[in-house]
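For reference, the structure discussed in these notes is given below.
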Amino acid sequence: MDEETRLIRKGSEPTNLARVVNPPIQRGSTVLLPNAASLYDDNQITYGITGLASPAALQRALADLEGSPDVTLYPSGLAAITGAMLAVLKAGDEILVVDSAYKPTRRFCDRVLTRFGVQTTYYDPALTPDALMALATPKTRLILLEAPGSLTFEMQDVPAIAKAANDRGIITLIDNTWAAGFLFKPLAHGVTISVQALTKYVGGHSDCFMGSATTMDTVIGNQLGDAMWDIGWSVSPDDAYTMLRGLRTLATRLPRHQESGLEIARWLQDRPEVARVLHPALPGDPGHAIWKRDFTGACGLFGVMLKPCSQRAVHAFLDALQLFGLGFSWGGYESLAIPCDPQLKNRSVPVNLEGPLLRLHIGLEAVEDLKADLDQAFEKLV
Ligand SMILES: *Cc1c(COP(=O)(O)O)cnc(C)c1O
(Lines give C-alpha, C1' and ligand atoms only; values in the text may rest on other atoms or scores of the structure.)
Protein backbone atom coordinates (compact mmCIF):
# COMPACT_ATOMS: atom_id res chain seq x y z
CA MET A 1 0.00 0.00 0.00
CA ASP A 2 0.99 3.58 -0.58
CA GLU A 3 2.36 5.58 2.35
CA GLU A 4 -0.78 7.77 2.28
CA THR A 5 -2.94 4.73 2.93
CA ARG A 6 -0.54 3.32 5.52
CA LEU A 7 -0.61 6.60 7.46
CA ILE A 8 -4.39 6.34 7.62
CA ARG A 9 -4.60 2.71 8.64
CA LYS A 10 -1.50 1.62 10.58
CA GLY A 11 -1.57 1.32 14.34
CA SER A 12 -5.36 1.37 14.70
CA GLU A 13 -5.79 -2.40 14.90
CA PRO A 14 -7.06 -3.42 18.31
CA THR A 15 -4.34 -4.98 20.43
CA ASN A 16 -4.81 -6.97 23.59
CA LEU A 17 -5.29 -4.27 26.19
CA ALA A 18 -3.48 -4.78 29.49
CA ARG A 19 -5.92 -4.99 32.39
CA VAL A 20 -5.69 -1.74 34.37
CA VAL A 21 -7.80 -0.44 37.27
CA ASN A 22 -9.96 1.98 35.27
CA PRO A 23 -12.07 1.56 32.13
CA PRO A 24 -10.56 2.69 28.84
CA ILE A 25 -11.50 6.07 27.41
CA GLN A 26 -12.84 4.94 24.10
CA ARG A 27 -13.30 7.92 21.78
CA GLY A 28 -15.53 7.32 18.82
CA SER A 29 -18.34 8.63 16.64
CA THR A 30 -18.24 5.81 14.07
CA VAL A 31 -18.59 2.28 15.42
CA LEU A 32 -17.25 -0.37 13.06
CA LEU A 33 -19.64 -3.30 12.66
CA PRO A 34 -18.55 -6.85 11.79
CA ASN A 35 -20.83 -7.26 8.74
CA ALA A 36 -23.48 -5.49 6.67
CA ALA A 37 -26.45 -7.01 8.49
CA SER A 38 -25.20 -5.67 11.83
CA LEU A 39 -25.46 -2.05 10.64
CA TYR A 40 -29.23 -2.05 11.20
CA ASP A 41 -29.30 -4.42 14.19
CA ASP A 42 -31.00 -2.58 17.06
CA ASN A 43 -29.39 -4.92 19.58
CA GLN A 44 -25.89 -3.69 18.75
CA ILE A 45 -24.14 -0.43 19.46
CA THR A 46 -24.05 1.14 16.00
CA TYR A 47 -23.04 4.71 16.77
CA GLY A 48 -20.73 6.30 19.34
CA ILE A 49 -23.47 8.46 20.83
CA THR A 50 -24.45 5.53 23.08
CA GLY A 51 -22.64 2.79 24.84
CA LEU A 52 -18.90 3.45 24.55
CA ALA A 53 -16.73 2.09 27.34
CA SER A 54 -16.45 4.93 29.86
CA PRO A 55 -20.08 6.20 29.80
CA ALA A 56 -21.24 2.58 30.09
CA ALA A 57 -18.92 2.02 33.07
CA LEU A 58 -20.24 5.19 34.73
CA GLN A 59 -23.83 4.07 34.13
CA ARG A 60 -23.15 0.71 35.80
CA ALA A 61 -21.57 2.38 38.83
CA LEU A 62 -24.39 4.94 39.13
CA ALA A 63 -26.97 2.15 38.81
CA ASP A 64 -25.52 0.71 41.98
CA LEU A 65 -25.54 4.11 43.74
CA GLU A 66 -29.10 4.97 42.71
CA GLY A 67 -30.58 1.50 43.22
CA SER A 68 -31.90 1.11 39.67
CA PRO A 69 -30.36 -0.38 36.52
CA ASP A 70 -31.96 2.41 34.47
CA VAL A 71 -29.53 5.37 34.40
CA THR A 72 -29.57 7.99 31.65
CA LEU A 73 -26.62 10.39 31.39
CA TYR A 74 -26.95 14.01 30.26
CA PRO A 75 -24.34 16.65 29.34
CA SER A 76 -25.21 18.75 32.43
CA GLY A 77 -27.34 18.60 35.55
CA LEU A 78 -29.77 21.10 34.06
CA ALA A 79 -30.01 18.96 30.90
CA ALA A 80 -30.99 16.01 33.11
CA ILE A 81 -33.87 18.02 34.59
CA THR A 82 -35.05 19.48 31.28
CA GLY A 83 -34.43 16.24 29.37
CA ALA A 84 -36.42 14.17 31.85
CA MET A 85 -39.30 16.64 31.70
CA LEU A 86 -39.27 16.75 27.89
CA ALA A 87 -39.30 12.94 27.86
CA VAL A 88 -42.53 12.61 29.84
CA LEU A 89 -44.53 15.82 29.22
CA LYS A 90 -46.80 16.80 26.34
CA ALA A 91 -48.86 19.82 25.30
CA GLY A 92 -51.85 20.34 27.59
CA ASP A 93 -50.12 18.93 30.68
CA GLU A 94 -49.84 20.87 33.90
CA ILE A 95 -46.98 20.51 36.35
CA LEU A 96 -46.45 21.48 39.98
CA VAL A 97 -42.94 22.76 40.72
CA VAL A 98 -41.59 23.51 44.19
CA ASP A 99 -40.99 27.25 44.57
CA SER A 100 -37.54 26.61 46.07
CA ALA A 101 -36.32 24.73 42.96
CA TYR A 102 -32.96 25.43 41.33
CA LYS A 103 -33.51 28.70 39.49
CA PRO A 104 -32.64 27.51 35.95
CA THR A 105 -35.29 24.78 36.36
CA ARG A 106 -37.79 27.58 36.81
CA ARG A 107 -36.43 29.43 33.78
CA PHE A 108 -36.95 26.30 31.63
CA CYS A 109 -40.56 25.97 32.84
CA ASP A 110 -41.30 29.65 32.25
CA ARG A 111 -39.44 30.18 28.98
CA VAL A 112 -39.59 26.80 27.23
CA LEU A 113 -42.39 24.60 28.57
CA THR A 114 -44.92 27.44 28.24
CA ARG A 115 -44.12 27.65 24.50
CA PHE A 116 -45.02 23.97 24.18
CA GLY A 117 -48.30 24.28 26.05
CA VAL A 118 -47.21 22.92 29.43
CA GLN A 119 -48.37 25.08 32.33
CA THR A 120 -46.42 25.37 35.59
CA THR A 121 -47.79 26.17 39.04
CA TYR A 122 -45.20 26.87 41.73
CA TYR A 123 -46.01 25.56 45.18
CA ASP A 124 -44.80 26.51 48.64
CA PRO A 125 -42.25 23.92 49.89
CA ALA A 126 -43.95 24.20 53.31
CA LEU A 127 -47.28 22.81 52.02
CA THR A 128 -48.42 19.57 53.61
CA PRO A 129 -48.72 16.66 51.15
CA ASP A 130 -52.54 17.00 51.34
CA ALA A 131 -52.45 20.72 50.60
CA LEU A 132 -50.07 20.07 47.71
CA MET A 133 -52.32 17.37 46.24
CA ALA A 134 -55.26 19.79 46.48
CA LEU A 135 -53.47 21.90 43.82
CA ALA A 136 -53.44 18.99 41.36
CA THR A 137 -56.00 18.96 38.55
CA PRO A 138 -56.91 16.12 36.17
CA LYS A 139 -54.28 17.60 33.82
CA THR A 140 -51.46 17.47 36.37
CA ARG A 141 -48.85 15.10 34.97
CA LEU A 142 -45.79 15.76 37.11
CA ILE A 143 -44.71 17.13 40.50
CA LEU A 144 -41.15 18.42 40.77
CA LEU A 145 -39.50 18.27 44.18
CA GLU A 146 -36.16 19.45 45.50
CA ALA A 147 -35.25 18.88 49.13
CA PRO A 148 -33.51 20.63 50.68
CA GLY A 149 -33.87 23.63 48.35
CA SER A 150 -30.36 24.59 47.29
CA LEU A 151 -30.69 28.25 48.40
CA THR A 152 -33.27 28.26 51.18
CA PHE A 153 -32.90 24.65 52.41
CA GLU A 154 -36.56 23.75 53.03
CA MET A 155 -37.22 20.03 53.43
CA GLN A 156 -40.23 18.24 51.91
CA ASP A 157 -42.01 15.08 53.04
CA VAL A 158 -40.88 13.25 49.93
CA PRO A 159 -42.24 9.75 50.78
CA ALA A 160 -45.71 11.13 51.57
CA ILE A 161 -45.81 13.30 48.43
CA ALA A 162 -44.55 10.44 46.26
CA LYS A 163 -47.20 8.09 47.61
CA ALA A 164 -50.06 10.58 47.19
CA ALA A 165 -48.90 11.40 43.65
CA ASN A 166 -48.51 7.73 42.77
CA ASP A 167 -52.06 7.01 43.95
CA ARG A 168 -53.29 9.61 41.45
CA GLY A 169 -51.04 8.49 38.59
CA ILE A 170 -48.89 11.62 38.77
CA ILE A 171 -45.15 11.34 38.10
CA THR A 172 -42.77 12.67 40.75
CA LEU A 173 -39.35 14.00 39.75
CA ILE A 174 -36.81 15.05 42.38
CA ASP A 175 -33.63 17.07 42.03
CA ASN A 176 -31.49 15.05 44.47
CA THR A 177 -28.24 16.96 43.95
CA TRP A 178 -27.79 17.98 47.63
CA ALA A 179 -27.80 14.31 48.67
CA ALA A 180 -25.53 13.31 45.74
CA GLY A 181 -27.54 10.11 45.29
CA PHE A 182 -25.84 8.91 48.48
CA LEU A 183 -27.41 10.60 51.52
CA PHE A 184 -31.00 10.09 50.36
CA LYS A 185 -32.42 7.39 48.08
CA PRO A 186 -35.52 8.83 46.36
CA LEU A 187 -36.42 5.73 44.34
CA ALA A 188 -36.60 3.64 47.54
CA HIS A 189 -39.03 6.26 48.90
CA GLY A 190 -41.41 5.95 45.95
CA VAL A 191 -40.24 8.82 43.72
CA THR A 192 -40.64 8.08 39.98
CA ILE A 193 -37.56 9.86 38.59
CA SER A 194 -34.47 10.88 40.55
CA VAL A 195 -32.18 13.42 38.93
CA GLN A 196 -28.88 14.80 40.09
CA ALA A 197 -26.23 17.19 38.85
CA LEU A 198 -23.17 14.92 38.87
CA THR A 199 -21.30 18.20 38.33
CA LYS A 200 -21.49 18.76 42.09
CA TYR A 201 -20.39 16.04 44.54
CA VAL A 202 -20.01 13.07 42.20
CA GLY A 203 -17.50 14.96 40.06
CA GLY A 204 -16.23 16.59 43.23
CA HIS A 205 -13.48 18.67 41.63
CA SER A 206 -15.35 21.56 39.93
CA ASP A 207 -14.05 20.60 36.51
CA CYS A 208 -16.77 18.73 34.64
CA PHE A 209 -20.49 18.98 33.78
CA MET A 210 -22.87 16.04 33.76
CA GLY A 211 -26.28 14.94 35.00
CA SER A 212 -28.15 11.70 35.48
CA ALA A 213 -31.77 10.54 35.71
CA THR A 214 -32.85 7.18 37.12
CA THR A 215 -36.18 5.42 37.52
CA MET A 216 -37.58 2.03 38.51
CA ASP A 217 -40.37 2.41 35.93
CA THR A 218 -39.23 0.62 32.76
CA VAL A 219 -41.69 2.50 30.50
CA ILE A 220 -40.42 5.85 31.77
CA GLY A 221 -36.84 4.55 31.60
CA ASN A 222 -37.31 3.88 27.90
CA GLN A 223 -38.85 7.33 27.44
CA LEU A 224 -35.79 8.90 29.06
CA GLY A 225 -33.41 6.97 26.82
CA ASP A 226 -35.46 7.65 23.68
CA ALA A 227 -35.55 11.38 24.42
CA MET A 228 -31.74 11.46 24.45
CA TRP A 229 -31.77 10.13 20.88
CA ASP A 230 -34.66 12.36 19.86
CA ILE A 231 -32.96 15.51 21.12
CA GLY A 232 -29.46 14.46 20.06
CA TRP A 233 -27.61 14.69 23.36
CA SER A 234 -24.68 12.61 24.48
CA VAL A 235 -21.87 12.79 27.05
CA SER A 236 -18.21 12.76 26.15
CA PRO A 237 -16.16 9.65 26.97
CA ASP A 238 -13.52 11.85 28.64
CA ASP A 239 -16.13 13.51 30.86
CA ALA A 240 -17.61 10.13 31.79
CA TYR A 241 -14.15 8.99 32.82
CA THR A 242 -13.69 12.12 34.96
CA MET A 243 -17.07 11.56 36.63
CA LEU A 244 -16.30 7.94 37.39
CA ARG A 245 -13.01 8.97 38.99
CA GLY A 246 -14.92 11.41 41.21
CA LEU A 247 -17.50 8.79 42.13
CA ARG A 248 -14.78 6.52 43.56
CA THR A 249 -14.17 8.91 46.47
CA LEU A 250 -17.73 10.21 46.98
CA ALA A 251 -18.35 8.17 50.12
CA THR A 252 -14.99 9.25 51.55
CA ARG A 253 -15.44 12.97 50.83
CA LEU A 254 -19.06 13.46 51.91
CA PRO A 255 -18.57 12.71 55.64
CA ARG A 256 -15.78 15.29 55.76
CA HIS A 257 -18.00 17.89 54.03
CA GLN A 258 -20.74 17.05 56.55
CA GLU A 259 -18.48 17.24 59.59
CA SER A 260 -16.76 20.50 58.66
CA GLY A 261 -20.05 21.98 57.41
CA LEU A 262 -21.84 21.25 60.67
CA GLU A 263 -18.96 22.51 62.77
CA ILE A 264 -18.95 25.82 60.89
CA ALA A 265 -22.77 25.98 60.90
CA ARG A 266 -22.81 25.65 64.74
CA TRP A 267 -20.01 28.18 65.07
CA LEU A 268 -21.98 30.61 62.89
CA GLN A 269 -25.11 30.15 65.04
CA ASP A 270 -23.18 31.74 67.91
CA ARG A 271 -21.91 34.71 65.89
CA PRO A 272 -23.53 38.06 66.75
CA GLU A 273 -23.76 38.94 63.01
CA VAL A 274 -25.91 35.87 62.20
CA ALA A 275 -29.71 35.76 62.53
CA ARG A 276 -30.21 32.12 61.54
CA VAL A 277 -28.36 29.22 59.92
CA LEU A 278 -30.40 27.26 57.35
CA HIS A 279 -29.21 23.67 57.61
CA PRO A 280 -31.61 20.70 57.94
CA ALA A 281 -29.10 18.67 59.97
CA LEU A 282 -29.15 21.26 62.78
CA PRO A 283 -31.60 20.46 65.58
CA GLY A 284 -34.14 23.27 65.61
CA ASP A 285 -34.15 23.67 61.83
CA PRO A 286 -37.74 23.45 60.50
CA GLY A 287 -36.73 20.51 58.27
CA HIS A 288 -34.71 18.64 60.90
CA ALA A 289 -37.26 15.92 61.75
CA ILE A 290 -37.73 14.95 58.09
CA TRP A 291 -34.00 15.07 57.42
CA LYS A 292 -33.35 12.80 60.39
CA ARG A 293 -36.04 10.36 59.29
CA ASP A 294 -35.11 10.13 55.59
CA PHE A 295 -31.43 11.07 55.16
CA THR A 296 -28.29 9.27 56.29
CA GLY A 297 -26.15 12.41 56.36
CA ALA A 298 -25.58 15.96 55.15
CA CYS A 299 -23.31 17.56 52.58
CA GLY A 300 -21.36 20.80 53.00
CA LEU A 301 -23.92 23.24 51.55
CA PHE A 302 -26.08 25.46 53.77
CA GLY A 303 -27.47 28.98 54.15
CA VAL A 304 -26.57 31.78 56.53
CA MET A 305 -29.09 34.54 57.19
CA LEU A 306 -27.34 37.63 58.50
CA LYS A 307 -28.92 40.18 60.79
CA PRO A 308 -30.15 43.17 58.76
CA CYS A 309 -27.24 45.05 57.20
CA SER A 310 -26.48 46.93 53.99
CA GLN A 311 -25.56 45.27 50.70
CA ARG A 312 -22.29 47.22 50.91
CA ALA A 313 -21.46 45.50 54.20
CA VAL A 314 -22.32 42.07 52.74
CA HIS A 315 -20.09 42.70 49.73
CA ALA A 316 -17.27 43.92 51.99
CA PHE A 317 -17.54 40.67 53.98
CA LEU A 318 -17.54 38.49 50.84
CA ASP A 319 -14.71 40.45 49.21
CA ALA A 320 -12.58 40.02 52.35
CA LEU A 321 -12.75 36.20 52.18
CA GLN A 322 -9.42 34.64 51.25
CA LEU A 323 -10.06 30.88 51.30
CA PHE A 324 -13.73 30.92 50.25
CA GLY A 325 -14.00 31.54 46.53
CA LEU A 326 -16.86 33.67 45.20
CA GLY A 327 -18.52 31.51 42.60
CA PHE A 328 -21.56 29.47 41.63
CA SER A 329 -21.80 25.70 41.76
CA TRP A 330 -20.64 23.58 44.72
CA GLY A 331 -19.67 20.02 45.60
CA GLY A 332 -15.98 20.44 44.78
CA TYR A 333 -13.15 20.07 47.27
CA GLU A 334 -12.99 23.84 47.79
CA SER A 335 -15.06 26.26 49.84
CA LEU A 336 -17.32 28.81 48.14
CA ALA A 337 -19.65 31.64 49.12
CA ILE A 338 -22.40 33.57 47.30
CA PRO A 339 -25.05 36.12 48.25
CA CYS A 340 -28.49 34.65 47.42
CA ASP A 341 -30.85 37.62 47.49
CA PRO A 342 -30.76 38.39 43.72
CA GLN A 343 -31.93 34.80 43.04
CA LEU A 344 -34.92 35.00 45.38
CA LYS A 345 -36.71 37.90 43.68
CA ASN A 346 -39.01 35.99 41.33
CA ARG A 347 -40.26 33.38 43.78
CA SER A 348 -44.04 32.99 43.90
CA VAL A 349 -44.11 32.52 47.68
CA PRO A 350 -42.15 35.29 49.42
CA VAL A 351 -39.20 33.96 51.45
CA ASN A 352 -39.29 35.08 55.07
CA LEU A 353 -35.93 36.82 55.32
CA GLU A 354 -34.83 38.76 58.37
CA GLY A 355 -31.65 39.89 56.63
CA PRO A 356 -29.35 39.13 53.69
CA LEU A 357 -29.01 35.43 52.82
CA LEU A 358 -25.62 33.92 52.03
CA ARG A 359 -24.87 30.39 50.87
CA LEU A 360 -21.68 28.64 51.92
CA HIS A 361 -20.14 25.50 50.52
CA ILE A 362 -17.72 23.99 53.01
CA GLY A 363 -14.89 22.22 51.23
CA LEU A 364 -12.18 19.87 52.41
CA GLU A 365 -9.78 22.52 53.78
CA ALA A 366 -8.87 22.41 57.50
CA VAL A 367 -11.90 23.66 59.37
CA GLU A 368 -9.87 25.97 61.66
CA ASP A 369 -8.50 27.79 58.59
CA LEU A 370 -12.03 28.27 57.24
CA LYS A 371 -13.23 29.66 60.58
CA ALA A 372 -10.26 32.02 60.73
CA ASP A 373 -11.11 33.22 57.22
CA LEU A 374 -14.76 33.88 58.12
CA ASP A 375 -13.67 35.49 61.38
CA GLN A 376 -11.42 38.05 59.69
CA ALA A 377 -14.06 38.74 57.02
CA PHE A 378 -16.73 39.42 59.67
CA GLU A 379 -14.58 42.35 60.80
CA LYS A 380 -15.36 43.96 57.43
CA LEU A 381 -19.13 43.47 57.85
CA VAL A 382 -19.82 46.99 59.05
C1 LIG B 1 -25.92 22.91 39.80
C2 LIG B 1 -27.29 22.38 39.98
C3 LIG B 1 -28.00 21.87 38.90
C4 LIG B 1 -27.48 21.94 37.49
O5 LIG B 1 -26.28 21.31 37.27
P6 LIG B 1 -25.35 21.76 36.04
O7 LIG B 1 -24.51 20.58 35.79
O8 LIG B 1 -24.60 22.97 36.51
O9 LIG B 1 -26.26 22.06 34.89
C10 LIG B 1 -29.24 21.37 39.14
N11 LIG B 1 -29.77 21.35 40.37
C12 LIG B 1 -29.12 21.82 41.43
C13 LIG B 1 -29.76 21.78 42.77
C14 LIG B 1 -27.86 22.37 41.28
O15 LIG B 1 -27.22 22.88 42.33
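Keep in mind that what you see is a predicted model, and the values were worked out from it rather than measured. Every number for a ligand or one of its atoms is a count from 1 in the order of the listing. Atoms considered below: every heavy atom in the structure, side chains included; atoms not considered: hydrogens, waters and symmetry mates.
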**Prompt:** Exactly which residues line ligand 1, taking a heavy atom under 4.0 Å from it as the test?
**Reply:**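 Ser76, Gly77, Leu78, Ile81, Tyr102, Glu146, Ser150, Asp175, Thr177, Ala197, Thr199, Lys200, Phe209, Trp330.
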**Item:** All ring pair (Phe, Tyr, Trp, His ring centres under 6.0 Å) counterparts of Phe324, not counting sequence neighbours
**Value:**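 Ring pair (Phe, Tyr, Trp, His ring centres under 6.0 Å) check on Phe324 returns nothing, list empty.
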**Request:** Kindly state each residue pair satisfying side-chain hydrogen bond (donor to acceptor under 3.5 Å, both in side chains) with at least one member in residues 172-187, sequence neighbours excluded.
**Result:**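 Every pair satisfying side-chain hydrogen bond (donor to acceptor under 3.5 Å, both in side chains) with a residue in residues 172-187: Thr172-Thr192, Asp175-Thr177.
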**Message:** Please determine whether side chain to side chain donor-acceptor pair (under 3.5 Å) holds for the pair Thr152 and Glu154, giving the CA-CA distance in whole Å, both sets of side-chain angles, and the decisive distance to 0.1 Å.
**Reply:** CA-CA 6 Å; Thr152 39; Glu154 303 89 341; 2.8 Å; yes
**Asked** Going by the angle between their ring planes, with limits at 30° and 60°, are Tyr201 and His257 parallel, tilted or perpendicular?
**Response**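 Perpendicular: the ring planes of Tyr201 and His257 meet at over 60°.
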**Message:** The criterion is side chain to side chain donor-acceptor pair (under 3.5 Å); which residues satisfy it with Arg293, sequence neighbours excluded?
**Reply:**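 With neighbours one apart ignored, the set is Asp157.
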**Item:** Which atom of Arg141 lies closest to which atom of Val88, heavy atoms considered
**Value:**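 Shortest heavy-atom contact: NE-O, 3.2 Å.
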